[in-house]
Amino acid sequence: MMSAVSCDLFKLDNFDAPDGALSGRILDSETGECVQSDIIEGTTLKFIEHGYKNPESQYMRVKCDGTYANTMMFQGTYSIIPDSRNFMQIDTIEVKVGKHTTLDIEVIPYLRILDPSITKEGNNIIAKFRVQSNTIEAVKTLGLYASDQPIVGEPVRLCCIEAGVNTVLDSDTQMTLIMNASKFTADLKPGKDYWFRIGAVSATAGAKFNYAPAVLLNMGEITEEPEPDYNLLDDCEDLDGWNSPPVYLDFTDPRQGMSSIRNDFDGGVVLFQCSFPAPVDAGVSIEKGLLAMEFYVSDISIGDWASGDSSIEITSGGTYDQHELAWPLRKESLGLRNGWNHLELPLKDAVSTGGDIDLSAIDFLRIYHTGLPGGISFKIDNLRFIENE
């Protein structure tokens, strides 16, 4: 017995397949260069087709090199609106899409990475560059990203080094990021090729990363390096925990890494103060341990260094005078001079206050002096503990 089946069930719809295409570039309106992006979590364009009462928004991703393409569009008129982006908002664009329509979009990127250079010297991959900001907002993060894929970036990486700068940067200041390949041997293999890319993101709400073009480098030989003979307290590469007084990152002449922390002293009391985000294990003993740091003074002749109250303090009590070790901040006893000074403070010579310190949980540092006026710039860098042999 055969059943009767309506022929309507076999009818195909009569809609034509999409035969329109839209492609183009996101261009920096000043330089004419493509605005580099992330393929994941980067810039997207929203497009809305005209002619419908309640049209649905559709989206296309901008590629890493700043180009975009959609070859599956219906011909017609569309509104193009940048959605997530790494450039300043622009007006809605109307475009008539035909079979092969090209539309370049000129924008002002939040950040420009100027004069980028990535080279390998020994174990170090060295990125040098400048950053130009086109907003009043700070630069939130700088990074050097590595991958075996050319789409390398913050979300697509094998490894990276980042600096949370949270600082307004001078576009004339050269920045340097150094990735030591010997510290990343789980990801970077000798003799293999990897892509490296410099990225920076503005503190502007919702901003996506801006990038320089990716560079392909061969790792060549990677030499094993011994572990440093110190335990780091703070490398002064970001301002996490440095909560008083107003300080900022200085990139001009750090003693190590990319930056030091600077205070253009206004005549208050506190030069530097830090509540460390996580307690630090000093890894040294009271008998042989040293607190080492690089300490900069712009003019040692200003102020009365010999009188007044002063101290360099570390504690495990979360604040001053609690489980504290302290040393006086005196010009004569420390041998301070103009410029950078290398300080090594024996823990056994410190004054103890508020109970015994727990050297496995250092969580607070303060440096102050009550006898100094304004007009002196101070910098600090590379705080670390050393066990003196």
Side-chain angles (χ1 to χ4, degrees), residues 163-167 169 173 175-176 178 228 230-280 282 284 289-300 302-303 305 308-316 319-320 324-331 333-347 349-350 362-386:
V165 295
N166 295 307
T167 300
L169 297 179
T173 300
M175 316 301 295
T176 302
I178 300 176
Y230 62 82
N231 291 317
L232 187 68
L233 179 59
D234 196 283
D235 59 9
C236 300
E237 298 295 288
D238 60 52
L239 296 176
D240 289 351
W242 294 87
N243 46 20
S244 176
V247 296
Y248 61 96
L249 295 178
D250 187 306
F251 301 96
T252 54
D253 61 341
R255 296 298 87 184
Q256 61 81 44
M258 185 177 65
S259 65
S260 61
I261 293 177
R262 177 168 177 161
N263 175 15
D264 293 324
F265 194 56
D266 64 1
V269 172
V270 177
L271 279 60
F272 298 101
Q273 182 171 298
C274 184
S275 298
F276 298 106
V280 175
V284 296
L290 304 172
L291 172 62
M293 68 180 71
E294 313 307 314
F295 185 74
Y296 175 95
V297 186
S298 63
D299 192 343
I300 204 70
I302 298 176
W305 288 82
D309 191 16
S310 70
S311 190
I312 301 173
E313 305 167 341
I314 55 172
T315 84
S316 60
T319 186
Y320 54 87
E324 175 182 284
L325 293 179
W327 303 260
L329 178 59
R330 301 296 190 200
K331 176 171 62 175
S333 62
L334 295 177
L336 296 178
R337 56 184 175 79
N338 288 347
W340 282 106
N341 299 267
H342 174 70
L343 304 184
E344 291 188 357
L345 308 174
L347 271 57
D349 293 346
I362 305 301
D363 57 9
F364 183 82
L365 173 140
R366 183 175 70 159
I367 302 177
Y368 73 89
H369 201 302
T370 62
L372 302 180
I376 310 173
S377 291
F378 295 96
K379 293 190 279 190
I380 193 169
D381 199 2
N382 199 21
L383 284 78
R384 59 209 186 275
F385 291 101
I386 301 171

Peer 1: Regarding Trp340 and Asp381, is there a side-chain donor-to-acceptor distance under 3.5 Å anywhere?
Peer 2: no
Peer 1: Under a 4.5 Å cut-off applied to non-hydrogen side-chain atoms, are Asp238 and Asn166 in contact?
Peer 2: no
Peer 1: Report yes if some heavy atom in the side chain of Val284 is under 4.5 Å from a heavy atom in the side chain of Ile386; otherwise report no.
Peer 2: no
Peer 1: Between Glu313 and Tyr368, is any pair of side-chain heavy atoms under 4.5 Å apart?
Peer 2: yes
Peer 1: Asn231 versus Val280: any side-chain heavy-atom pair under 4.5 Å?
Peer 2: no
Peer 1: Do the side chains of Leu343 and Met293 get nearer than 4.5 Å, heavy atoms only?
Peer 2: yes
Peer 1: Sub-3.5 Å donor-acceptor pair from the side chain of Trp305 to the main-chain atoms of Ile300, do we have one?
Peer 2: yes
Peer 1: With a sphere of 6.0 Å drawn around CZ of Phe378, does it hold more than 12 non-hydrogen atoms of other residues, nucleotides or ligands?
Peer 2: yes
Peer 1: Would Asp250 and Arg262 pass as an ion pair if we require N to O under 4.0 Å?
Peer 2: yes
Peer 1: Considering non-hydrogen atoms only, spot the tightest contact between Met175 and Met258 and give its length.
Peer 2: CE-SD, 4.1 Å
Peer 1: Check whether any side-chain heavy atom of Leu383 lies under 4.5 Å from a side-chain heavy atom of Phe272, and answer yes or no.
Peer 2: no
Peer 1: Looking only at non-hydrogen atoms, find the nearest pair between Leu347 and Leu291 and report the distance.
Peer 2: CD1-N, 3.5 Å
Peer 1: Within a strict 4.5 Å, meaning less than it, do heavy atoms of the Asp234 and Leu365 side chains meet?
Peer 2: no
Peer 1: Flag the pair Leu329 / Lys331 as yes when at least one side-chain heavy-atom distance between them is below 4.5 Å, and no otherwise.
Peer 2: no
Peer 1: Considering non-hydrogen atoms only, spot the tightest contact between Phe265 and Pro373 and give its length.
Peer 2: CD2-O, 3.2 Å
Peer 1: If you look at every heavy atom in Ser260 and Pro254, which pair is closest and at what distance?
Peer 2: N-CB, 4.0 Å
Peer 1: Check whether Thr167 reaches the backbone of Tyr248 with its side chain - one donor and one acceptor, N or O, closer than 3.5 Å.
Peer 2: no
Peer 1: Where do Val165 and Phe251 come nearest, in terms of heavy atoms and distance?
Peer 2: CG1-CZ, 3.7 Å
Peer 1: Is it the case that the side chain of Glu237 and the backbone of Gly164 share a donor-acceptor pair, with hydrogens and angles ignored and the cut-off at 3.5 Å?
Peer 2: no
Peer 1: To the nearest 0.5 Å, tell me how far Phe276 CZ sits from Asp240 CG.
Peer 2: 11.5 Å
Peer 1: Hey, is the main chain of Gly308 close enough, under 3.5 Å, to the side chain of His369 for a donor-acceptor pair?
Peer 2: no
Peer 1: Can you see which heavy atom on Leu325 is nearest to which on Ala350, and at what distance?
Peer 2: CB-CB, 3.8 Å
